[in-house]
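First up is the structure itself, then whatever we jot down about it.
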Amino acid sequence: MDRWVAWHEAYDVAGSALGRRLSLVARHIRQAVEALPPGEVRLVSLCAGQGHDVVRALAGHPRRGDVRGGLVELNPTNAGIARERIAGAGLDGLRVVEADAGDTGNYAEFVPADVVLVCGVFGNIGEEDIRRTVLALPELAAPGATVVWTRHRREPDVTGRIREWFAEGGFREVAFDAPPEHEIGVGVHQLVGPPRPRTTQRLFSFPG
Ligand SMILES: C[S@@+](CC[C@H](N)C(=O)[O-])C[C@H]1O[C@@H](n2cnc3c(N)ncnc32)[C@H](O)[C@@H]1O
């Protein structure tokens, strides 16, 4: 099985760090959606995998019909599973695109977004790429948008620097979860600075 398909199996392991991370991320997605005024909610997920987070957050949610946007995922198997999962959850306004999330050109139809998910990305790319991505998020975000992101806290723990880059990029910190029993970090940042027009650029590349 492909590495990135197999990666998702830990979601099903009772007591896993990934399972815990999922509950935290899903809670933050729900809170972000519920804080928005009635009407359309635009959402985009970078490297969306199998869509566990949006499905956990929004399946059965009264506002699931308001949610529009895209899940950008390169792996065809994961993209296919995500499609099935979002259809099963009644998230009919979401579309999965099989594309490179490191290329900002692939977000054209989904931005500016009110909710931006960057989960399972920062642990797989270098610090330069993380910083470039964080500083480019105002190009994908609507005014007041919420970004939910993750990064493990294993040494050398770079979550402190990531939080500083969000501040530099015009975001205020809403939450940072660092449960002591797992080396996971879940951040929530809200854009308080101005959004920026989208430029075409390469944000990051996953190694090999
Ligand atoms: C660690 S998983 C995270 C998946 C999901 N966001 C989650 O948290 O459950 C990383 C995902 O990124 C995908 N991926 C890797 N490089 C990518 C790229 N350049 N563009 C889009 N997806 C990519 C992998 O196939 C994998 O599904």
Side-chain angles (χ1 to χ4, degrees), residues 1-13 16-30 32 43-59 67 69-86 88-89 91 94-111 113 115-126 128-130 132-134 136-137 139-140 146-154 158-159 162 177 179 182-189 200-208:
M1 189 191 294
D2 179 280
R3 169 188 177 204
W4 288 123
V5 178
W7 179 88
H8 292 77
E9 290 177 354
Y11 275 128
D12 299 325
V13 176
S16 69
L18 200 57
R20 175 85 172 111
R21 197 189 87 174
L22 179 61
S23 1
L24 294 168
V25 166
R27 179 161 57 84
H28 289 303
I29 296 171
R30 269 194 302 277
L43 178 148
V44 70
S45 176
L46 287 63
C47 299
Q50 299 176 357
H52 283 257
D53 40 24
V54 281
V55 169
R56 170 71 71 87
L58 299 171
V67 181
L71 278 57
V72 183
E73 166 60 36
L74 195 57
N75 180 288
T77 306
N78 284 342
I81 293 170
R83 268 183 209 109
E84 285 170 18
R85 293 175 64 86
I86 62 172
L91 292 164
L94 288 178
R95 207 157 72 73
V96 180
V97 287
E98 197 182 304
D100 182 357
D103 175 351
T104 54
N106 289 323
Y107 297 102
E109 60 187 304
F110 305 126
V111 298
V115 180
V116 180
L117 306 181
V118 196
C119 299
V121 178
F122 294 157
N124 294 296
I125 60 177
E128 274 302 305
D129 281 6
I130 299 175
R132 184 180 312 105
T133 302
V134 170
L137 287 172
E139 299 185 15
L140 307 182
T146 300
V147 179
V148 181
W149 59 274
T150 67
R151 159 78 195 206
H152 64 74
R153 292 182 292 114
R154 289 193 294 278
V158 299
T159 55
I162 295 174
D177 301 328
H182 296 295
E183 286 182 308
I184 55 172
V186 177
V188 184
H189 280 81
T200 301
Q201 59 170 309
R202 166 143 298 280
L203 300 177
F204 58 80
S205 302
F206 275 41

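In listed order, ligands and their atoms are each counted from 1. The structure displayed is predicted, hence computed values, not measured ones. FYI, side chains are in, hydrogens and waters are out, and symmetry mates aren't considered; it's all heavy atoms of this structure.
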Electrostatic pair R56:D53 at N-O distance under 4.0 angstrom: no
F206 and F204 aromatic ring geometry - parallel, tilted or perpendicular at 30°/60° bounds: tilted
Any side-chain heavy-atom pair of H8 and I81 under 4.5 Å: no
Distance, nearest 0.5 Å, that separates CG of D177 from OG1 of T159: 11.5 Å
In a simple table, one pair per line, please give the protein and ligand 1 atom names for every N or O pair closer than 3.5 Å, along with the distance.
from: ligand 1; atom 1: 6 (N); to: C47; atom 2: O; distance (Å): 2.7
from: ligand 1; atom 1: 6 (N); to: C119; atom 2: O; distance (Å): 2.7
from: ligand 1; atom 1: 8 (O); to: Y11; atom 2: OH; distance (Å): 3.4
from: ligand 1; atom 1: 8 (O); to: R21; atom 2: NH2; distance (Å): 2.7
from: ligand 1; atom 1: 8 (O); to: C119; atom 2: O; distance (Å): 3.4
from: ligand 1; atom 1: 9 (O); to: Y11; atom 2: OH; distance (Å): 2.6
from: ligand 1; atom 1: 19 (N); to: D100; atom 2: OD1; distance (Å): 2.8
from: ligand 1; atom 1: 20 (N); to: A101; atom 2: N; distance (Å): 2.8
from: ligand 1; atom 1: 22 (N); to: L74; atom 2: N; distance (Å): 3.2
from: ligand 1; atom 1: 25 (O); to: E73; atom 2: OE2; distance (Å): 2.6
from: ligand 1; atom 1: 27 (O); to: E73; atom 2: OE1; distance (Å): 3.0
from: ligand 1; atom 1: 27 (O); to: E73; atom 2: OE2; distance (Å): 3.1
from: ligand 1; atom 1: 27 (O); to: N78; atom 2: ND2; distance (Å): 3.1

Inter- and intrachain pairs under salt bridge (charged side-chain N to carboxylate O under 4.0 Å, His left out), touching residues 71-86, at least two apart: none
More than 12 heavy atoms from other groups under 6.0 Å of CZ on R202: yes
